[in-house]
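Beneath this line is the structure, given in structure tokens, with notes to follow.
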Amino acid sequence: MKYLMLIKHAESYRGEPIPQALMDAMGEFVTESFKSGIVKDTAGLKPTAEGFRVRLSKGQLKLIDGPFTETKEVVGGYAIAELASREEAEKFARRFMELHRVHWPSFEGESEVRPLEDM
């Protein structure tokens, strides 16, 4: 089953340098995950100041430019992973967040994991 994995955190982390140790550990993790076939795609996202939303409300469309200051957490990146079970997805997400805990101790955030619909 494919899973969408999101990393969510306060946008204020965009202004902080990412520790080199985390960058190195993530590089190994991502490379290993691509080679094993688990990760199909992954990327970080630019700040919300560079994004926009299209909102539908009461039959009308409205374009809203970023930044989205009312948002407490933003999606900072994503991965699409193919795993055999929910348990494997949990293990994979924990491993990903463990890299942040070890290499960026002040970081606070979460990984949201959602199975993709079969099409």
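Bear in mind that the values here come from a model prediction, so they are computed numbers and not experimental data. Numbering of residues begins at 1 and proceeds along the displayed sequence.
If you chain together ILVMFWY residues whose side-chain heavy atoms come under 4.5 Å of each other, V74 ends up in a group of its own.
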Report all side-chain donor-acceptor pairs from residues 39-51 shorter than 3.5 Å, counting only partners two or more places apart or in another chain.
unit_1: K40; atom_1: NZ; unit_2: G37; atom_2: O; d: 2.8
unit_1: D41; atom_1: OD2; unit_2: Y78; atom_2: OH; d: 2.7
unit_1: T42; atom_1: OG1; unit_2: Y78; atom_2: O; d: 2.7
unit_1: T48; atom_1: OG1; unit_2: E11; atom_2: OE1; d: 2.7
unit_1: T48; atom_1: OG1; unit_2: E11; atom_2: OE2; d: 3.1
unit_1: T48; atom_1: OG1; unit_2: F68; atom_2: N; d: 3.3

Donor-acceptor pairs are to be reported for all side-chain atoms of residues 86-93 against protein atoms at under 3.5 Å, with residues two or more places apart or in another chain.
unit_1: R86; atom_1: NE; unit_2: E90; atom_2: OE2; d: 2.8
unit_1: E87; atom_1: OE1; unit_2: S85; atom_2: OG; d: 3.4
unit_1: E88; atom_1: OE1; unit_2: A84; atom_2: N; d: 3.4

Between side-chain atoms of residues 23-34 and protein atoms elsewhere (two or more places apart, or another chain), which donor-acceptor pairs fall under 3.5 Å?
unit_1: D24; atom_1: OD1; unit_2: Q20; atom_2: NE2; d: 2.8
unit_1: T31; atom_1: OG1; unit_2: G27; atom_2: O; d: 2.8
unit_1: E32; atom_1: OE1; unit_2: R95; atom_2: NH2; d: 3.2
unit_1: E32; atom_1: OE2; unit_2: R95; atom_2: NH1; d: 3.0
unit_1: E32; atom_1: OE2; unit_2: R95; atom_2: NH2; d: 2.8
unit_1: S33; atom_1: OG; unit_2: F29; atom_2: O; d: 2.8

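How far CZ of F96 is from CD1 of I7: 4.0 Å, rounded to the nearest 0.5 Å. Atom-to-atom distance recorded for L116:CG and Y3:OH is 9.5 Å, nearest 0.5 angstrom. Atom CZ of residue R55 and atom CG of residue L61 lie 11.5 Å apart, to the nearest 0.5 angstrom. The structure places NE2 of H100 at 7.5 Å from CD1 of I18, a figure rounded to the nearest 0.5 Å.
Around CD of Q60, the count of heavy atoms belonging to other residues, nucleotides or ligands within 6.0 Å does not exceed 12.
Remark: R53 pairs with E70, T71 by the side-chain hydrogen bond (donor to acceptor under 3.5 Å, both in side chains) rule, at least two apart or across chains. Partners of E108 according to the side-chain contact (heavy atoms from CB on, under 4.5 Å) rule, which considers only residues two or more places apart in sequence or in another chain, are Y13. Residues forming a salt bridge (Lys or Arg N to Asp or Glu O under 4.0 Å) with E112 (at least two apart in sequence, or on another chain): K8, R114. Applying the side-chain hydrogen bond (donor to acceptor under 3.5 Å, both in side chains) criterion to D65, with sequence neighbours excluded, gives no partner residue. Residues that satisfy the ring-ring contact (aromatic ring centres under 6.0 Å, His included) test with H103, not counting sequence neighbours, are absent from this structure.
Follow the hydrophobic side-chain contacts under 4.5 Å out from V113 and you never reach I80; the two are in separate clusters. No single ILVMFWY cluster, assembled from side-chain heavy atoms under 4.5 Å apart, contains both L6 and I38. Criterion: ILVMFWY side-chain heavy atoms under 4.5 Å apart, direct or through other members. Under it, L56 and I64 are not part of a common hydrophobic cluster.
Residues M5 and L83 are in side-chain contact: their nearest non-hydrogen atoms beyond the backbone lie under 4.5 Å apart.
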